[in-house]
Amino acid sequence: MKKNIIPINFLQTPTDNSDTIEGLKTFWKKVAPLISQREKHFDAVWEKGTEEEIFAELVFCLFTPQSKAISCWDAVNELADKNMIFNSKNTDIVKVISKVRFRNNKAKYVTEARNLFTISGKIKIKKKLSFFADIYELRKWLIQNIKGIGYKEAGHFLRNIGIGKDLAILDRHILRNLKVYKAIKEIPKTLNVKTYLNIEKQMQDFAEDTGIPMSHLDMLFWCKNAGGIFK
């Protein structure tokens with residue numbers, strides 16, 4: 001792999017301080033072209049991406065919990081540049097990903113996931129993912145079979161490869177916005193499976209009620225507060 005094999009930049013957007021649904025919908029109309037642009041990027045990863053590129057997206061999502069997304073993607077690209085994603089031990093990987101929190105565990109997650117998707121010495125992740133006709137069953141399989149992947153990370157990965165558009169990626173930032181717009185009554189102290197799936201359904205209902213696609217809401221909330229879209 002060459003560095004930045006899947007080039008992606010931070011798309012700067014306006015920010016928005018409104019706390020009404022009408023305000024959110026007005027802001028969405030302003031930034032929808034940029035969100036759609038990023039969505040096309042995700043679609044292209046699945047439609048045109050190689051096995052290695054799709055696995056690199058999984059590595060990124062293994063890195064992201066409690067770490068900055070841009071730093072995690074830089075770490076993925078540095079590993080790719082050094083040809084380390086597919087043939088290095090976790091003890092070597094950990095030396096490269098210094099900006100990733102809990103890097104010892106996450107380096108192990110990478111090598112374990114790599115073993116799961118390696119057939120005859122080659123990564124074969126796309127065929128395995130294509131086996132599932134139901135995206136919810138695929139998400140469940142990822143969670144059950146890949147250490148370091150929970151509902152948020154699985155949804156993030158599937159969104160980033162263009163096949164998880166109706167899945168929620170629930171972190172504290174998204175939950176705060178859902179509460180602001182009264183899509184949920186309160187932010188839960190913990191997110192167990194039942195709570196996660198209940199809030200995901202509420203978010204899907206909110207998307208339908210507002211006319212804002214579920215695939216746009218996550219990025220909309222991020223650019224609303226952070227002034228930009230990454231991945």
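Bear in mind the structure is a predicted one, so any value in this text is a computation, not a measurement.
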In terms of the angle between their ring planes, are [X] and [Y] parallel, tilted or perpendicular, with boundaries placed at 30° and 60°?
X      : Y      : result
Phe55  : Phe117 : perpendicular
Tyr181 : Phe221 : parallel
His216 : Trp28  : perpendicular

Quiz item: Excluding sequence neighbours, so at least two apart, what forms salt bridge (charged side-chain N to carboxylate O under 4.0 Å, His left out) with Lys25?
Solution: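 Partners of Lys25 under the salt bridge (charged side-chain N to carboxylate O under 4.0 Å, His left out) test: Glu22.
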Quiz item: Excluding sequence neighbours, so at least two apart, what forms salt bridge (charged side-chain N to carboxylate O under 4.0 Å, His left out) with Lys95?
Solution: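 Scan of Lys95 (salt bridge (charged side-chain N to carboxylate O under 4.0 Å, His left out), adjacent residues dropped) gives Asp92.
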Practice problem: Pick out which of Leu24, Val180, Asn17, Thr15 makes a side-chain contact (heavy atoms from CB on, under 4.5 Å) with Lys224. | Solution: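 So the option named by the test is Leu24.
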Quiz prompt | Nearest-0.5 Å distance, CD1 of residue Ile93 to OG1 of residue Thr111 | solution =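 Between atom CD1 of Ile93 and atom OG1 of Thr111 there are 6.0 Å.
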Exercise. Calculate, to the nearest 0.5 Å, the distance between atoms CD1 and CG belonging to Ile229 and Leu34 respectively.
Key: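 Taking CD1 in Ile229 and CG in Leu34, the distance rounds to 5.5 Å.
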Exercise. State whether the number of non-hydrogen atoms from other residues, nucleotides or ligands found under 6.0 Å of Asp209 atom CG is greater than 12.
Key: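 Yes, because the 6.0 Å sphere around CG of Asp209 holds more than 12 heavy atoms from other groups.
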Quiz item: If we ignore angles and hydrogens, is there a donor and acceptor under 3.5 Å between the side chains of Arg103 and Asn90?
Solution: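 No, because no side-chain N or O of Arg103 sits under 3.5 Å from a partner of the opposite role on Asn90.
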Self-check item: Distance-only donor-acceptor check, side chains Asn192 and Thr195, under 3.5 Å
Solution: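 Distance-only check passes for Asn192 and Thr195.
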Quiz item: Between Asp218 and Arg159, is a salt bridge (Lys or Arg N to Asp or Glu O under 4.0 Å) present by the stated rule, with each step listed?
Solution: CA-CA 10 Å; Asp218 175 79; Arg159 191 281 302 275; 3.1 Å; yes
Quiz item: Is there a side-chain contact between Ile161 and Phe42 (heavy atoms, below 4.5 Å)?
Solution: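 Heavy-atom side-chain distance check fails, nothing below 4.5 Å.
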Quiz prompt | Step-by-step side chain to side chain donor-acceptor pair (under 3.5 Å) determination, Asn160 to Arg38 | solution = CA-CA 10 Å; Asn160 283 6; Arg38 187 49 32 101; over 6 Å; no
Self-check item: Sequence neighbours excluded - salt bridge (Lys or Arg N to Asp or Glu O under 4.0 Å) pairs with any residue from residues 122-140
Solution: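 Matches after skipping sequence neighbours: Glu137-Lys140, Arg139-Glu200.
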